[in-house]
Structures are given as structure tokens and as C-alpha cells.
Amino acid sequence: MSGDAQPSSNQRATDAHPPPSPPIIKEKAVIGALCVVCGDRACSHLYYGVAACHGCKCFFWRTVKSKLNYSCRYGGNCSISTAGRNACRYCRFHRCLFVGMKMEAVKMDRKLTKRQKEKMDGDESDDGGNPESLDYKIDAKRARSDNRLLISSLLLIDKTSSDGNAKLSSLHFVQPSLQNLLEEPELLDSFRSEMSYRATRQADAQLCYDTERRLVTWAIDWCRQTAEIGDVHHTNDKIALLRACCAPLVLLELGCQSSQFGNSDTRVPLCNNSFLTAHQAPPSVSFINYKTIQSLNKWTQRELKPLCLKAKEIVLLKTLVILNPDAPGLSQEAESSIRMLRERVHTTLFQMLMESSEPVAAASRLSQILLLIPQLTLMGVDVIEQVRVRNTFNKHSAFGEGLLFWQLYGDIFDDQNSDDSSSYLEHSASCSPTDSQYSTTDSS
């Protein structure tokens, strides 16, 4: 039988039909039996009525199940052998039929398990396995594990940034720069009170200042730790990211907290259990003005609230707000690292959405989530303008506050559009509302 398993190559040009086949094995295949289709070593059991190797068995199954049609360039006279069985699928399939493989046996085959289907569908090679397919599955499993680890890290950042560990520090007696605050996070310990959004009383000027300090501290913690995940360690790069993301990140946090209220509720809760309302102008020294409060309230009700974002989606969105590769002042190395981490976060978000919905629905939800970012950025511009105007005309406020926002954005006389962003960073890092240089009016 082994000698008759292969048709002679001399018959290709002369025979109009495939060469005669060897006797079909009807009983259980014996050890050492050869495939009646190609002559390779057959499996220990009969498949579809004949002794066949694993490759020919899977090939016949896929062809019948998928109702595939093939064509031959040589008139249907190709030789089917172990070495060349993949050269012509038309002749291979007709060889399977000629030697006695039964199509009805495939149709009546029992329902395969998910693992068996993956094995059959992925077996495109006839060597018993596909190394590339196996590597892909291993890489996919590793990617899912990495994504879960990333989400867990971001959830931990969100929790630790919001928890309260306020204690006495020397920040009331010295005025450190942003560089000092990012390199020595403990300097802000006195500002790390527990963030709570119960909205029990309307905010006055002092409560607005307290909220501002806490939210900027929260944004610093978020930005610093996220940058370190992306291997961005240079302090100036962290400052550049912080300046670009602080305002939209704070607005996103306030919007997420506002979305938990009723549809007709116009309150914007602050992190010290106070609130601002869209029906009344906030204190003049507030970091957020009346126009921005109205825009934030409308955006929350129309765009954010209908999405019903989950906790994992929110932390991934916050991370995308922070990871702005176009932030002015970023070094080329940091920009490359930020882009890589941003792409990873995009992939993580999409794969997480794919786990709970169909591909079309997941893609639609992903686009809706990503479209929140440009709207946040536009509202963030209004916050920065409000802060710069306030810093210009309220240098000597009754509370002596606004230090952190001052160092981030300066006043209206600072040129944010300057190409030399490093000089602006150095200037804003050295300024404070109580610096002696502002005790007299600058004639320039």
C-alpha cells in the first residue's frame, strides 16, 4: 500500500483522471500505516473512512466545512506527495474524494469544543502545528496580562492620589518650585487631605482656594506617577506634561463627580464637600469662572453622563488626558516614550471594551470616550485664562493662596506662546504670589 499511495509524476500529462488509488483501509489503521492521500505517516484511527495523516484530515475537514472551491492550473493531473501536497489544493481534495473520504462524515461530525476548533482552524501547516500561530497566542496572552497590570496600577494611582494623609510640612514657611515638588512629593503632604464630594455647602473664596490646592496636588501626583510608568523621569518633562494636562484633568474629575447627581442638578461638587452652581457666579478668586461652570455642567449632562463610564474606563481616560505627546517643552526622548505609553493605553481601553461588547459596539464606545478629550481641552483653556487673569490682579489676596496654579501658568504678562518653553518653566517655577518682586508695580 505504501508504494501505491503516491501517483507517478509521469502520469501528469497523459492521464485525464487521477491515477488509481491503493486499496482503501476500512478497519482501524495499524501502527505504521501510511496516509492514502499523500503517503505520510497516518494517524492511529480512521478519519472520514480512510487512513489519513493529520494534515490531510484537517485539510479535508476545512474544505468541506467552509465549502471551499479550488482550481488547478495543470488540468487536474498534479502529483500529491508528502513534499508537494500543498502545491495544488484542487488535486489534493479530489485525491481525498477518490481514495474514499466521505463528505457526509464531516457534516455529521460531532460538535467540536472551542479548543478543538482553534486547533483545526489554526493548522494551516502540515507539520502537526503552526509555530507562528502558537507564538501569536502566547503574545496575546502576555498582552492581556500586561493590560490588566496597567489598569491595576492606574486604579492604585487614582486611589492613593485621592486618599488623605495630610500632616504638617514646611510648605507654609517656604515656597518650593515645581521642580522641588515633583522631586520631593512629601513637600505637599499638608495639602493631601481626603477628597470628598458630598456637596453639603456652597463654596466661598476660602473653600475655593482649598479645593484648588487639593486638586492641583492631586493632578501633580497623577502626572508624576503616570510619567514614571512611561519611563519619563526628567523633571522638566514632568512639568511640561503637568502644565498641559492639569486644567483638563481637574475638569474631568469634577465632571465625573457631577455625573453622579440628578439630571436637573446644576451643582459642581468640589473635593472638600462644598460646591459651585451654574446658576450663580463663583467667588472672583475662584480658579473656575461662571462661563466654565456652565460649560462643564452642560458637557457633563450631554456628553459624559450618558456614557455611564466605569471606574476602569475613567482611569484610562485620565491617563490619556495626561499623556499628551504635543505638550510644549517635552524633550524628544520623552515625547517618544509618551507616544508609546499612549498607544498602549489606547489598546488596553479597546481590548477591555471588546471583552464586554461586540467589535462594532466597542469601536463606537471607544470613539465616544476619546471625543471627550478635545472638549475637555477647550474648557481647560478657559480655566488657564481665568487663573492668569486672577494671578495678575490678585497677587496679594487675603489668603495668600494660588501658589501652585501660579507656578504652572503665571500671569497675563508671561508669554506662553514663546518658542523657548524652558525659560517660561524656569520663570513660573520661581514665581509665587508673595514674592518680594511683586511688592512694587513693574513699569514694564
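In this text, all values refer to a predicted model and were calculated from it rather than measured experimentally.
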- [ ] Output yes when a side-chain donor or acceptor of Ser364 lies under 3.5 Å from a complementary backbone atom of Val360, and no otherwise.
- [x] no
Open item on the list: When you compare the side chain of Leu370 with that of Leu320, does any pair of heavy atoms fall below 4.5 Å?
Closed with: yes
Open item on the list: Donor-acceptor pair, distance only, cut-off 3.5 Å: does the side chain of Ser336 make one with the backbone of Gln332?
Closed with: no
Task: Within-4.5 Å side-chain heavy-atom neighbours: Thr319 and Leu150 - done: no
Task: Aromatic ring proximity His94/Tyr90, centre distance under 6.0 Å - done: yes
Open item on the list: Keeping Gln407 on the side-chain end and Leu178 on the backbone end, is there a donor-acceptor pair under 3.5 Å?
Closed with: yes
Task: Side-chain donor or acceptor of Arg41 paired with backbone N/O of Cys53 under 3.5 Å - done: no
TODO: For Ala205 and Pro283, work out which heavy atoms get closest and say how close.
DONE: N-CG, 3.7 Å
- [ ] Evaluate whether atom CE of Met340 has more than 12 neighbouring non-hydrogen atoms of other residues, nucleotides or ligands under 6.0 angstrom away.
- [x] no
TODO: Please tell me if the side chains of Leu341 and Asp231 come closer than 4.5 Å, counting only heavy atoms from C-beta onward.
DONE: no
Open item on the list: Within the 4.5 Å heavy-atom criterion, are Ile314 and Lys318 side-chain neighbours or not?
Closed with: yes
- [ ] Run the numbers on Arg92 and Asn86 for side-chain hydrogen bond (donor to acceptor under 3.5 Å, both in side chains), then give the verdict.
- [x] CA-CA 8 Å; Arg92 186 182 187 185; Asn86 291 322; 3.0 Å; yes
Open item on the list: If I compare all heavy atoms of Leu207 with all of Ser274, which pair ends up nearest, and what's the gap?
Closed with: CD1-CB, 3.9 Å
- [ ] State whether the number of non-hydrogen atoms from other residues, nucleotides or ligands found under 6.0 Å of Asn69 atom CG is greater than 12.
- [x] no
- [ ] Identify whether the distance between the nearest side-chain nitrogen and carboxylate oxygen of Arg192 and Asp221 falls below 4.0 Å.
- [x] yes
Let me have the donor-acceptor pairs involving side chains of residues 291-298, under 3.5 Å, with sequence neighbours excluded, atom names and distances please.
unit_1: Thr292; atom_1: OG1; unit_2: Asn289; atom_2: OD1; d: 2.7
unit_1: Gln294; atom_1: NE2; unit_2: Tyr290; atom_2: OH; d: 3.0
unit_1: Ser295; atom_1: OG; unit_2: Lys291; atom_2: O; d: 3.1

TODO: Spell out, as yes or no, whether a donor-acceptor pair under 3.5 Å connects the side chain of Asn236 to the backbone of Gly329.
DONE: no
Open item on the list: side-chain hydrogen bond (donor to acceptor under 3.5 Å, both in side chains), that's the test. Do Gln179 and Glu183 meet it? Break it down for me.
Closed with: CA-CA 6 Å; Gln179 182 173 352; Glu183 293 175 350; 3.2 Å; yes
Open item on the list: Distance check, rounded to the nearest 0.5 Å: Arg73 atom CZ versus Cys91 atom SG?
Closed with: 11.0 Å
Task: Pro269 side chain near Ser258 side chain, heavy-atom distance below 4.5 Å - done: yes
- [ ] Would you check if the side chain of Gln386 reaches a backbone N or O of Ser286 as a donor-acceptor pair within less than 3.5 Å?
- [x] yes
- [ ] Specify the closest pair of heavy atoms between Pro306 and Gln301, including all atoms of both residues, with the distance to one decimal.
- [x] CD-O, 3.5 Å
Task: Heavy-atom donor-acceptor pair, Asp265 side chain to Phe261 backbone, under 3.5 Å - done: no
Open item on the list: For the CG atom of Asp237 and the OG atom of Ser331, what is their distance to the nearest 0.5 Å?
Closed with: 3.5 Å
- [ ] Determine the minimum heavy-atom distance between Leu46 and Ala51, stating which atoms define it.
- [x] CD2-N, 3.7 Å
Open item on the list: Looking at Thr226 and Cys223, would you say the former's side chain and the latter's main chain have a donor-acceptor pair under 3.5 Å?
Closed with: no
- [ ] Please answer whether the main-chain N or O of Leu68 pairs with a side-chain N or O of Ser66 as donor and acceptor at a distance below 3.5 Å.
- [x] no
Task: Check against side-chain hydrogen bond (donor to acceptor under 3.5 Å, both in side chains), Tyr70 and Thr63 - done: CA-CA 9 Å; Tyr70 306 119; Thr63 301; 2.9 Å; yes
- [ ] Please name all residues satisfying salt bridge (charged side-chain N to carboxylate O under 4.0 Å, His left out) with Arg148, sequence neighbours left out, ordered by chain then number.
- [x] none
Task: Listed partners of Lys238 passing salt bridge (charged side-chain N to carboxylate O under 4.0 Å, His left out), at least two apart - done: Glu228
Task: Non-hydrogen side-chain atoms of Arg390 and Val387 separated by less than 4.5 Å - done: yes
- [ ] Under the side-chain hydrogen bond (donor to acceptor under 3.5 Å, both in side chains) rule, what do Arg198 and Thr200 come out as? Steps first, then yes or no, please.
- [x] CA-CA 6 Å; Arg198 291 195 295 269; Thr200 57; 5.9 Å; no
Task: NZ/NE/NH1/NH2 to OD/OE distance under 4.0 Å, Lys159 and Asp163 - done: yes
Task: From Ile239 atom CD1 to Cys246 atom SG, the distance as rounded to the nearest 0.5 Å - done: 12.5 Å
Open item on the list: Quick check for you: to the nearest 0.5 Å, what is the distance between Thr347 atom OG1 and Leu316 atom CG?
Closed with: 11.0 Å
TODO: Look at Arg339 together with Glu335 and state whether they make a salt bridge at an N to O cut-off of under 4.0 Å.
DONE: yes
Task: Side chain proximity check, Gln368 to Leu307, heavy atoms < 4.5 angstrom - done: yes
- [ ] Under the side chain to side chain contact (heavy atoms under 4.5 Å, CB included) rule, collect the residues that match up with Phe275, sequence neighbours excluded.
- [x] Ala199, Gln202, Arg267
Task: Heavy-atom pair with the smallest gap, counting every atom of Val315 and Trp222 - done: O-CH2, 3.9 Å
- [ ] Report the C-alpha distance between Arg214 and Tyr209 in whole Å, list the side-chain angles of each, state the deciding distance to 0.1 Å, and finish with yes or no for side chain to side chain contact (heavy atoms under 4.5 Å, CB included).
- [x] CA-CA 9 Å; Arg214 185 63 185 98; Tyr209 273 129; over 6 Å; no
TODO: Applying salt bridge (charged side-chain N to carboxylate O under 4.0 Å, His left out), name anything that partners Arg344, two or more places apart in sequence or on another chain.
DONE: none
Open item on the list: side chain to side chain contact (heavy atoms under 4.5 Å, CB included) for Trp299 and Leu376? Distances and angles first, verdict last.
Closed with: CA-CA 9 Å; Trp299 174 79; Leu376 281 169; 3.5 Å; yes
Task: Atom pair CZ/CE of Phe60 and Met101 - distance to nearest 0.5 Å - done: 6.5 Å
Open item on the list: If I take atom CE from residue Met379 and atom CG from residue Leu251, how far apart are they, to the nearest 0.5 angstrom?
Closed with: 5.5 Å
TODO: Could you note down all residue pairs passing side chain to side chain donor-acceptor pair (under 3.5 Å) where residues 305-317 supplies at least one of them, sequence neighbours left out?
DONE: Asn263-Lys305, Glu313-Arg365
TODO: Measure across Met195 and Ser161 and return the closest heavy-atom pair with its distance rounded to 0.1 Å.
DONE: SD-O, 4.1 Å
Task: Non-hydrogen side-chain atoms of Ser81 and Cys38 separated by less than 4.5 Å - done: no
Open item on the list: What verdict does the side chain to side chain contact (heavy atoms under 4.5 Å, CB included) test give for Leu215 and Leu254, after you've listed the backbone C-alpha separation in whole Å, the side-chain angles of each residue and the deciding distance to 0.1 Å?
Closed with: CA-CA 10 Å; Leu215 286 175; Leu254 297 181; 4.1 Å; yes
Open item on the list: Donor-acceptor pair, distance only, cut-off 3.5 Å: does the side chain of Gln280 make one with the backbone of Leu276?
Closed with: no
- [ ] List the steps and the verdict of side chain to side chain contact (heavy atoms under 4.5 Å, CB included) for Phe93 and Phe59.
- [x] CA-CA 8 Å; Phe93 180 64; Phe59 167 78; 3.9 Å; yes
